[in-house]
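In listed order, ligands and their atoms are each counted from 1. Not measured: the values here are computed from a predicted model. One is the number of the first residue; the rest follow in order along the sequence.
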Amino acid sequence: MKLSRWQRLSGHFTTITSHKLKVTGLCFKLGLYKQGILHDLSKYSWVEFSSGVKYYQGHRSPIDAEKENLGYSLGWLHHKGRNKHHWDYWVDKNRDGIFPIKMPYNYLLENVCDRIAACKTYQKDNYSDKSAYEYFINGTDRLYMHPESAIELERLLKIIAENGLDEGFNIIKKEQRTE
Ligand SMILES: [Zn+2]
């Protein structure tokens, strides 16, 4: 079924806004107030919003659809260059080549919130508090990000998988790490 431009526009707007509100709520639980409010604001910029509307499908991220069509996503390139909660932001280059940088802890926590919210959106009834951990373990991100960030992210997601979201967040908050 082909969606009209209006359906794609309203669908995309609803998806990114409800995702943002979910992440805001999760970030607030961890005490990340500023990050919770600013999370993913660049999705409302012209480059990201128009690519999101053009490739809106509803059941998966428009970025994946854009990558399939063009081989790359302009929306994603814009997004990851501005949002520090993505490991892809923390990639640099020197004479030896491209290398990942260790992510600051507060952005790693925001990434945890982002992953949980995305799993809830796309997995719907199949979502469980193990979803984000399983998605990370089965995915390839951990092969490209800084190894220490990958180990720490896996540890955080595992705490949530094993203890449930509420108790998991309590444990993470009690650790009170600052870096
Ligand atoms: Zn993001």
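- Atoms NE2 of His85 and NE2 of His79, as seen from the Zn ion (ligand 1), are separated by an angle of 130°, to the nearest 10°.
- Geometrically, Lys120 engages Tyr127 in a cation-pi contact, judged by NZ or CZ lying under 6.0 Å from the ring centre and within 45° of the ring axis.
- The distance from the Zn ion (ligand 1) to the nearest N/O/S atom of Asp114 is not under 2.8 Å.
- No hydrogens or angles considered: a donor-acceptor pair under 3.5 Å links the side chains of His79 and Asp40.
- Take the Zn ion (ligand 1) as the corner point: the lines to NE2 of His86 and to OD1 of Asp40 open at 160°, to the nearest 10 degrees.
- Aromatic ring centres of His59 and Tyr122 lie farther apart than the 6.0 Å criterion allows.
- For the pair Leu109/Gln35, no side-chain contact is recorded, criterion being any heavy-atom separation below 4.5 Å from C-beta on.
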